[in-house]
Protein chains: 2
Amino acid sequence: MSSPRALADLPQIERRTLADTAYDALCDLLASGRLAPGDKLSLRQTAAALGVSVMPVREAVSRLASDGALEVALNRALRVPILSARAFRELAETRMAVEGMAASRAAMRRSGEELAAIRRAEASFRSLAETAQPDGARAVALNRDLHFAIYAACGLQPLREIIARLWLKAGPVLNLDLRAYPERLRQGFAIRRHAEVLGAIEARDGPAAEAAIAADIGDAADFILSRGALPATAIP
Amino acid sequence: MSSPRALADLPQIERRTLADTAYDALCDLLASGRLAPGDKLSLRQTAAALGVSVMPVREAVSRLASDGALEVALNRALRVPILSARAFRELAETRMAVEGMAASRAAMRRSGEELAAIRRAEASFRSLAETAQPDGARAVALNRDLHFAIYAACGLQPLREIIARLWLKAGPVLNLDLRAYPERLRQGFAIRRHAEVLGAIEARDGPAAEAAIAADIGDAADFILSRGALPATAIP
DNA sequence: CCGCCCGAACTGTGATCACACATCACTAGC
DNA sequence: GCTAGTGATGTGTGATCACAGTTCGGGCGG
C-alpha cells in the first residue's frame, strides 16, 4: 500500500457546509456591532445577500438563536435581542466571572509565545486607541483580538467556547457603542485595564489578571448602563 | 377596548416548534445517558421515531452539534462524540471552575425557599443512593435535579445556561457510567460531597460550597479517567 | 377627519425532492 | 488469495414548494 510521495503534500480539502459559512458571516456581523440590538433580519433577505437558499441561513440562525445571539419573537419576527438592563447586568457579571477566571489561568500557565502574542495585541490596540480619531470598527476588532489572545492561553478549550458565546450575546450592545463613539477610548479606561492585565500576565499573577479583566468588563458595562439606553424590562 | 375578565384567566397557548420539541427530546436522551458516546444517529430514523419529517430533527441536531453535544463526522456520520481523555479532563476542569463559582454565589445569596428546594433535592438523592439496589436512571435524574436546584440560586441566568450546555457534553460519558454501575453510589462519595455543599449553603459559606461542588465533579471525573476507557487521542 | 377592516405581501415552519458523497458487499482481475 | 474496481444503499446537505400566521397600508364607513 505505497502511494506517490506527492500525495502526502496535498493540502486537505476544506469541507465546510454553506450553513457553517453563513453562521460565521452572521457571527461576524454580531461581534463587530454592525448588527444593532433590535435590528430585524429575514431569512430570505439574508439568504439572497449571501447568494444561497434559505436552508443554510435557517440552520445558522437556529444555532445563533440557541446561543441567545438572535431571537425569534412570538410574532415569528427574527431580530437581534434587546437586552433589558437587568439581563445586561447579569451578562456582564457572568462575563466578569468567567473571563476573569480564564485570565487568571492564562496568567499562571502562559507560554513565552503566548505572552508575546498578547503583547503584540495589546500594543496594536493601544496604538490605535491613542490616535486622535480612532476607527471604531478597527478598535472593536483589535479589542477582541487582545481578549482572545489572553483566553487562548488559559488551556481550557471549553472555556474559550463559552466566552465566544458570551461575546456573541454582548457584542451588539457593547460594540455598537464603541463603534459609534470611538472617542471614548481617549479617556483611557480600556488602555489602563489592558496594561494592568498585561503586567499581571507577565508577572504570572493570576488574581491581578482576573481583577483587571473584570474591571475592564465592568467599566464598559457601567458606562453602557449609566447612559440608560437599555429598557428596564424585556421587550416582548 | 374592554374584554371579558375571563379572558385574562386563559393560560397562554404554548407556542413550540417541532424543532424545539425534538431538541428537548434529544437533550433528554443525552443528559440521561441513554445515548452513549459513539452511538450513531440518523436524521431519517430519529425523525421517524419522533413521527415528524427530517426538518425539525435537522434543526435540533444542528443546535446540538453547535453545542458540541453531537458531532457530524467528515464521513457525514452523525454520532455522540467520543471525548478523548484530554478533552474530558478539560471539560471536567471547566465544570469545576464554572459550577464551583455558581455554587459559591448560590451559597451567599440563596433565599429561604431556594434553600428548602435544595434540601429536598439532597434528601431525595440521598434516600435513593442509600438503597440496596439504586436505580441508575433515577439516580442520574435526581443528581441532576440537585445540582440545578443549587445553580438556580446563583442569580445569573447566563451562567445557568452555560452549565446546562456543559452537562450536555459531559452527560453521555458520566451518566452512562452512573446508569451502568449505580452500585458505585454505595461508596458514598457523592453523598458526602452533597452533604458538604448543603452545609456550606446553609452557612452561606461560598468558598466551602465551591470546594465541595468542585470535589464532587472531580471525584466523578477521576473515577472515569482511572478506569481508562477513554481514548488517549481523538477519534477522527 | 378619524377609526376600522380587509387584502396583499411577507414571515418562519415544515414537508418533499434532488444530489453528492460515504460505506459496504461483491466480483473481476492480477 | 489478495487487491482494486463497481454497484446498491443510506447519509447529510441544499433547493423548492406549501402553508399558517403576521404585518402593514389602502380604502371604505362613520
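Each chain gets a letter, A, B and so on, in the order its sequence line appears, and its residues count up from 1. The figures here come from the full heavy-atom set of this structure, side chains too, leaving out hydrogens, waters and symmetry mates.
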Discussion item. Check this for me, if you would: do A:Glu93 and A:Arg89 make a salt bridge, where the nitrogen-to-carboxylate-oxygen distance has to be below 4.0 angstrom?
Written reply: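 No.
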Response to the item:
Going 5' to 3' through nucleotides 6-13 of chain C and flagging B where a protein heavy-atom sits under 4.0 Å of the base, S where only the sugar-phosphate is that close, and - otherwise, we get -----BBB
Discussion item. Give me each pair satisfying side chain to side chain donor-acceptor pair (under 3.5 Å) with a member in residues 40-60 of chain A, each pair once, sequence neighbours excluded.
Written reply: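 Sorted pair list: A:Glu59-A:Arg63.
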In whole angstroms, how far is the [atom2] atom of [N] from the [atom1] atom of [X]?
X	N	atom1	atom2	result
A:Asp20	D:dG12	CG	P	15 Å
A:Arg15	D:dG14	CZ	P	12 Å
B:Met55	D:dT16	CE	C1'	12 Å
B:Leu50	C:dA15	CG	C1'	15 Å

Worksheet item: What does A:Arg16 touch in the nucleic acid at a heavy-atom separation under 4.0 angstrom: a base, only the sugar-phosphate, or nothing?
Response: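 Touches nothing.
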Fill in: side chain to side chain contact (heavy atoms under 4.5 Å, CB included) against A:Val80, all qualifying residues, sequence neighbours excluded
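Listed in chain order: A:Leu30, A:Leu35, A:Asp39, A:Leu70, A:Pro172.
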Item to complete: Under the side chain to side chain contact (heavy atoms under 4.5 Å, CB included) rule, collect the residues that match up with B:Leu18, sequence neighbours excluded.
Response: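 Side chain to side chain contact (heavy atoms under 4.5 Å, CB included) list for B:Leu18, sorted by chain: B:Val52, B:Pro56.
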Practice prompt. Please list, chain by chain and in numerical order, all residues satisfying ring-ring contact (aromatic ring centres under 6.0 Å, His included) with B:Phe148, sequence neighbours excluded.
Written response: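 Expected list: B:Tyr151, B:Trp167.
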Discussion item. Going by salt bridge (charged side-chain N to carboxylate O under 4.0 Å, His left out), name the residues that satisfy it together with A:Arg193, two or more places apart in sequence or in a different chain.
Written reply: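 Once residues adjacent in sequence are excluded, the partners of A:Arg193 under the salt bridge (charged side-chain N to carboxylate O under 4.0 Å, His left out) criterion are A:Glu196, A:Asp219.
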